[in-house]
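For clarity, every value in this text was computed on a predicted model and none was experimentally measured. The chain is numbered in sequence order, starting from 1.
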Amino acid sequence: MDRMRLETEGSDGLVNIELLNAAGYEAFVPGNNEGLTYPMGSLAESLGKRARFAVLGANMRVMATGERPEWLQPGTIVKKGGLSIGLIGVTAAFADFYKLLGWQVTDPLEAVREQVRAMRSHTDVLVVMSHLGLPLDRRMAEEIEGIDLILGGHTHHLLEEPLVVGRTTICAAGKFGERIGRVEIGLDPAGSRPVFRAECVPVAAFPEDAAAAGIIGSYREAGERRLSRVIARLDAPLPASTERESPLGNLLAAGLRRHADAEIGIVNAGQLLGGLAKGDVTAGQLHALCPSPINPCRMKLAGSLIRQALEESLLDEFTAMPIRGFGFRGEVLGALAVDGLDIVYDPDGPDYGKIRSISVNGSPFDERRQYVVGTIDMFTFGVGYKSLREGREIRYYLPEFIRDIVADCLGDPDLISRCRQKRWKAVGT
């Protein structure tokens, strides 16, 4: 349920469920795009009420009760070709994020070990559907006996030939729906152990299925209607730029600072794919300009680490850096937009020596001091401006996305007025 898609955003993921239903899927494991971008109530509606397939999450429980919701199972058994095939589902244990949405997500390998003990004697073939990534899939195969097959995702690995670890076969079909994983299962007549023949089938050359196109089209129209609601009206445009300071980038930085009750706001300008024109601003426009499912966060960060990131923001190798994944749905990293800082720099100065002075809300900047910073979760993953991953006392805000922060800011005339004031000033200007 990648919410970059208008159809998904406009239907709270129901389009994805309808497509899986129509395709005849029998089992599904939530990944971080589902579990970490939708509140539990939304998942209860989409996965709980609409899905005609088993939803598996052996390491997911409701925090308040310690139990799984009725629509979520740890595993299931399907019958195919005379075989009993056990399926166990596990998802990545982003515990700090999940608890903010009311989920308790436990150690996935312990959950798998428990389910293997419970299911192994009842199945001919035991399969783990893993949204953990290849490193943990390897470890699972090494440490847990009794697993025949692991179907892996999350880290986007493409295994064009299956990986065999001990007596476990691991398959992974890449990313972005570019390939379909196909695994044929048989039994070795000599030892009655399962044997696998696997391939990853490229799908780009196949025609779009007419029924699927019809489902997507109907939800696109509904999504456009839903996202056409006006959330603000601008008296003047708010331009955006990935290469340099701009009003909309400054507004997002100010919104992150306010949301986190911080001294400083910092965000990469590449989060914004364009600016806003004068006039009505709709939810659909904000979704198109800020499609990333990235959450705000608050941290304490040393001044020296902030300065390093600001220096990097003046270098083309960072502002033009392409990024894919980690929640980011833009094109390039972009320069840093800030709030609460005033920076004087020399464009002709040496790399990592361009900044002449920094002030924080009118006071001198202290590289030894810990500052409270409102920023985005992406930086805590070590993406882009890597010094920003060193923050302490990190607090994440879910389910808010940064486009929600922009929407809130558009209703504040003071923030809109201030976002036009320059934070970055070149020497002599």
Side-chain angles (χ1 to χ4, degrees), residues 96 242-247 249-271 294-319 321 323 326 328 333-397 402 405 409 415 418-419 421-429:
D96 289 343
T242 60
E243 300 173 357
R244 63 187 68 86
E245 179 177 15
S246 65
N250 289 346
L251 185 69
L252 176 53
L256 290 166
R257 176 186 171 195
R258 182 174 72 174
H259 193 77
D261 190 23
E263 300 168 274
I264 298 168
I266 299 178
V267 66
N268 61 306
Q271 298 293 343
I294 283 178
N295 307 109
C297 77
R298 183 182 196 266
M299 65 172 69
K300 285 189 175 179
L301 194 64
S304 58
L305 298 171
I306 295 172
R307 186 184 188 105
Q308 178 181 329
L310 296 175
E311 287 280 8
E312 290 170 347
S313 179
L314 294 168
L315 304 177
D316 290 343
E317 66 185 275
F318 286 89
T319 60
M321 181 189 297
I323 302 178
F326 303 98
F328 185 65
L333 180 63
L336 285 176
V338 300
D339 189 64
L341 294 175
D342 288 292
I343 304 153
V344 178
Y345 68 99
D346 180 357
D348 298 320
D351 291 357
Y352 293 93
K354 296 180 184 293
I355 293 176
R356 296 282 185 88
S357 67
I358 307 172
S359 62
V360 184
N361 301 310
S363 299
F365 183 74
D366 184 349
E367 293 196 14
R368 296 167 296 178
R369 188 185 151 193
Q370 297 283 326
Y371 289 96
V372 179
V373 177
T375 184
I376 55 175
D377 62 2
M378 186 183 88
F379 290 148
T380 69
F381 307 145
V383 180
Y385 295 100
K386 294 189 176 181
S387 65
L388 301 182
R389 74 174 299 177
E390 304 299 327
R392 301 176 180 177
E393 299 179 29
I394 296 172
R395 176 184 174 185
Y396 298 105
Y397 299 91
I402 52 175
I405 302 301
C409 291
L415 285 185
R418 287 200 298 109
C419 79
Q421 299 171 6
K422 284 190 170 295
R423 283 89 156 128
W424 293 83
K425 299 170 185 174
V427 173
T429 61

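- Judged by distance alone, the side chain of Ser387 and the main-chain N or O of Leu305 form a donor-acceptor pair under 3.5 Å.
- Going from atom CZ of Arg307 over to atom CG of Asp366 covers 11.5 Å, rounded to the nearest 0.5 Å.
- Arg258 contributes no side-chain N or O that, together with a main-chain N or O of Leu415, makes up a donor-acceptor pair within less than 3.5 Å.
- Here the closest heavy-atom approach between residue Leu251 and residue Cys419 is recorded as N-CB, 3.7 Å.
- Looking at heavy atoms from C-beta onward, Val360 lies in side-chain contact with Leu341 at the 4.5 angstrom threshold.
- Qualifying side-chain contact (heavy atoms from CB on, under 4.5 Å) partners for Ile394, counting only residues two or more places apart in sequence or in other chains: Met299, Thr380, Tyr396.
- Residues Val427 and Val344 have side chains in contact (heavy-atom distance under 4.5 Å, counting atoms from C-beta outward).
- Other residues, nucleotides and ligands contribute at most 12 non-hydrogen atoms within 6.0 Å of the CG atom of Asp316.
- Summarising the geometry of Ala260 relative to Gly374, their closest heavy-atom pair is CB-CA, 3.8 Å, with the distance given to 0.1 Å.
- Here the side chain of Arg392 pairs no donor or acceptor atom with the backbone of Glu390 at under 3.5 angstrom.
- Leu336 is not listed as a side-chain neighbour of Phe318, based on a closest heavy-atom distance of 4.5 Å or more.
- Contact between Arg423 and Gln421 at its shortest, heavy atoms only, is NH1-O, 2.8 Å.
- From Leu256, atom CG reaches atom CD1 of Ile376 across 7.5 Å, with rounding to the nearest 0.5 Å.
- Looking only at side-chain heavy atoms (C-beta outward), Tyr345 and Leu310 stay at 4.5 Å or farther from each other.
- In this structure, CG on Asp96 lies 12.0 Å from CG on Asp377, to the nearest 0.5 angstrom.
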Going through the checks in order, is the side-chain contact (heavy atoms from CB on, under 4.5 Å) test met by Tyr397 and Arg298? CA-CA 8 Å; Tyr397 299 91; Arg298 183 182 196 266; 3.5 Å; yes
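- Here the side chains of Leu333 and Met378 are in contact, with some heavy-atom distance below 4.5 Å.
- A pairwise comparison of heavy atoms in Phe379 and Val267 identifies CE1-CA, 4.2 Å as the closest pair.
- Taking all atoms of both residues into account, the shortest heavy-atom contact from Ser313 to Thr319 is O-CG2, 3.2 Å.
- Atoms CD and NZ, from Gln370 and Lys300 in turn, are 7.5 Å apart once rounded to the nearest 0.5 Å.
- The pair Arg418-Asp339 meets the salt-bridge criterion, since a charged nitrogen lies less than 4.0 angstrom from a carboxylate oxygen.
- Nearest heavy-atom pair across Lys422 and Lys425 is O-CE, 3.6 Å.
- The closest side-chain heavy-atom distance from Tyr371 to Leu301 is not below 4.5 Å.
- With Glu312 contributing its side chain and Tyr385 its backbone, the two residues share no donor-acceptor pair below 3.5 Å.
- Here the side chain of Thr375 pairs a donor or acceptor atom with the backbone of Ile266 at under 3.5 angstrom.
- Contact annotation: the side chain of Asp346 approaches that of Arg356 to within less than 4.5 Å [non-hydrogen atoms, C-beta and beyond].
- The closest side-chain heavy-atom distance from Ile306 to Phe365 is below 4.5 Å.
- Residue Arg369 places its CZ atom among more than 12 non-hydrogen atoms of other residues, nucleotides or ligands, all under 6.0 Å distant.
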